[in-house]
Amino acid sequence: MPREIRFLNTMTRRVEVFHPLETGHVRMYNCGPTVYNFVHIGNLRTFLFEDVLRRTLQAFGYRVTQVMNLTDIDDKTIKGAAAEGVSLREFTDRYIAAFFQDIDALRFQRAEHYPRATDFIPQQVELVEKLTERGHTYVQDGSTYFRIATFRDYGKLSGIDVDQVRAGARVDADEYEKEDVRDFVLWKASKPGEPSWETVLGAGRPGWHLECSAMAMALLGESFDIHTGAVDNIFPHHENEIAQSEGATGRPFVHTWLHAEHLIVEGQKMAKSLGNFFTLRDLLERGHDPLAIRYLLISVPYRQKLNFTFDGLHAAAAGVERIGNTLRRLAHTPPAASGEALVASEVDAFVEEFDGGLADDLNTARALGALHTLLTRVNQALDGGGITTDVRDRLAAAIAHVDGVLGIVPRSQSPAGSDAEIDALVAERTAARRSRDFARADEIRTELTERGIVLEDTPHGTVWHRAG
RNA sequence: GGUGACGUAGCCAAGUGGUAAGGCAGGGGCCUGCAAAGCCCUCAUUCGGCGGUUCGACUCCGCCCGUCACCUCCA
């Protein structure tokens with residue numbers, strides 16, 4: 001039996017114990033990137049939440065089928081391709097490749113499916129036809145619209161009262177004509193210079209919301225367990241997905257809706273105009289460690305705004321380093337033959353607290369807090385009586401569990417003997433220290449420091465590693 | 001105008017009725033030839049403000065102040 005986990009479901013606004021429709025198997029859909037540019041750290045915050053969600057479910061014993069869509073047809077991708085005079089496919093291929101590079105850099109696990117909207121045109125058309133059969137659509141100027149008035153439950157996710165939607169400047173920003181400003185387009189009639197598909201709906205292209213409903217149902221079924229996105233997706237995107245999907249099938253679309261809060265930068269909304277807009281590439285070019293970025297972005301529970309600051313990034317880097325330092329110390333300290341400086345039950349209690357945090361609507365801050373408490377205990381034990389082989393095994397399993405879920409454990413670096421030249425210098429320094437030739441010893445250390453090598457003289461000999 | 005979220009130390013953040021986890025930064029100390037790493041001590045008599053409920057509130061209720069988000073294509 002998988003471990004129990006609770007989520008705050010946006011639909012019900014309550015914390016609920018999660019039960020997948022199929023025992024032990026979770027089907028989830030994540031709203032992915034629109035591939036017209038490199039992803040920014042705000043996008044990544046949301047995607048990282050989904051990655052941790054996936055990993056947590058797996059660690060808790062569920063089988064996971066995850067789908068993340070790639071929106072490759074919309075105003076922005078069309079505009080971008082046109083601006084460069086390349087095909088939509090060529091333009092979006094490039095950013096899809098970049099997207100995978102970026103998530104790889106942040107140690108994402110791959111989802112089972114990354115469907116592209118343009119690969120699912122027939123399914124989208126079919127969905128519109130079903131909606132038409134059920135009387136939810138109308139056509140105007142060659143475009144097909146969803147008539148909100150035909151869907152009783154419209155607004156149930158966002159809590160928006162359709163009659164209250166303000167007829168302000170931002171309403172009907174779309175150039176297409178509709179009967180009611182609150183209706184939304186399913187199929188857009190083709191416009192000169194834009195990609196279009198010849199279908200029974202006429203020449204045109206899918207509207208934004210349609211792809212998610214069609215691809216989710218094609219890959220996960222008409223009803224599935226979890227659908228995620230960032231808070232800005234709640235309305236109108238997810239509200240419209242519900243209308244389209246349930247309008248077509250008459251069945252509940254999604255059981256649990258989870259929405260990540262936004263990331264802000266230095267207390268302000270991230271915006272290109274404010275000069276506080278960062279892609280992952282921007283940060284990597286500045287020399288920031290991808291692991292530190294990952295750590296920072298998952299250190300605040302997904303439902304809270306995350307204030308991204310460089311101070312915070314430095315603190316995150318220190319946190320990652322502390323994990324690595326402790327594990328290195330552990331590896332370089334011989335096991336204790338016996339003793340109770342650290343006992344197995346403490347490690348077990350840690351795992352319980354760590355999992356308890358995650359089981360509580362993915363409380364990653366609580367999980368990390370537990371981890372740091374464990375690290376302190378390990379270091380205390382290492383300074384004291386040492387740690388026995390048995391406890392080390394438990395510890396190794398616990399750390400593997402942590403890494404499996406959070407993906408923030410630094411790789412063990414340069415095992416001893418991997419670099420003969422450095423080993424030789426370290427040996428020379430050790431000899432110099434023995435003969436109390438500290439000038440020579442320091443000279444060697446300085447040279448190594450300049451080469452990015454950090455030395456540590458421990459009671460069990462000198463160990464070295466590359467600076468993080 | 002509508003809907004929703006939030007306000008805990010210099011920064012991040014846990015806690016949601018029983019008297020403030022953890023991390024980063026800072027100060028002091030131990031260890032070290034010196035470092036590095038690590039450890040120890042220290043760092044919120046107090047949880048935006050004011051009332052109320054209660055034996056007891058950061059936690060519940062009310063009001064106020066402040067910050068922020070969404071309201072048709074922004075993760």
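The structure displayed is predicted, hence computed values, not measured ones. Reminder, nothing fancy here: chain letters follow the sequence lines and each chain counts from 1.
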Would one find a side-chain N or O of [X] under 4.0 angstrom from OP1 or OP2 of [N]?
X: A:Lys305; N: B:C12; value: no
X: A:Gln304; N: B:A14; value: yes
X: A:Lys76; N: B:C74; value: yes

(message) For B:U67, give the paired nucleotide (Watson-Crick: N1-N3 plus N6-O4 or O6-N4; G-U: N1-O2 and O6-N3; both under 3.5 Å), or none.
(response)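 Result: B:A5.
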
(request) Both distances under 3.5 Å, Watson-Crick or G-U wobble: report the partner of B:C55, or none. (result)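 WC or wobble partner is B:G18.
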
Length of the [atom1]-[atom2] vector between [X] and [N], whole Å:
X: A:Asp74; N: B:C73; atom1: CG; atom2: P; answer: 12 Å
X: A:Phe277; N: B:A75; atom1: CZ; atom2: C1'; answer: 11 Å
X: A:Phe108; N: B:A75; atom1: CZ; atom2: C1'; answer: 11 Å

(request) Side chain of A:Asn363 only, please: which of B:A14, B:C73, B:C71 is the nearest? (result)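 The answer is B:A14.
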
(request) Mind checking A:Leu306 for me? I need base, sugar-phosphate or nothing, with any heavy atom below 4.0 Å counting as a touch. (result)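 Nothing: the residue A:Leu306, judged by heavy atoms under 4.0 Å, touches no strand.
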
(request) Take nucleotides 21-37 of chain B nucleotide by nucleotide from the 5' end and write B, S or -, depending on whether a protein heavy atom sits under 4.0 Å from the base, only from the sugar-phosphate, or from neither. (result) BSSS--------BBBBS

(message) Over 60° means perpendicular and under 30° means parallel, so tell me whether A:His372 and A:Tyr295 are parallel, tilted or perpendicular.
(response)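 Rings of A:His372 and A:Tyr295: perpendicular, over 60°.
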
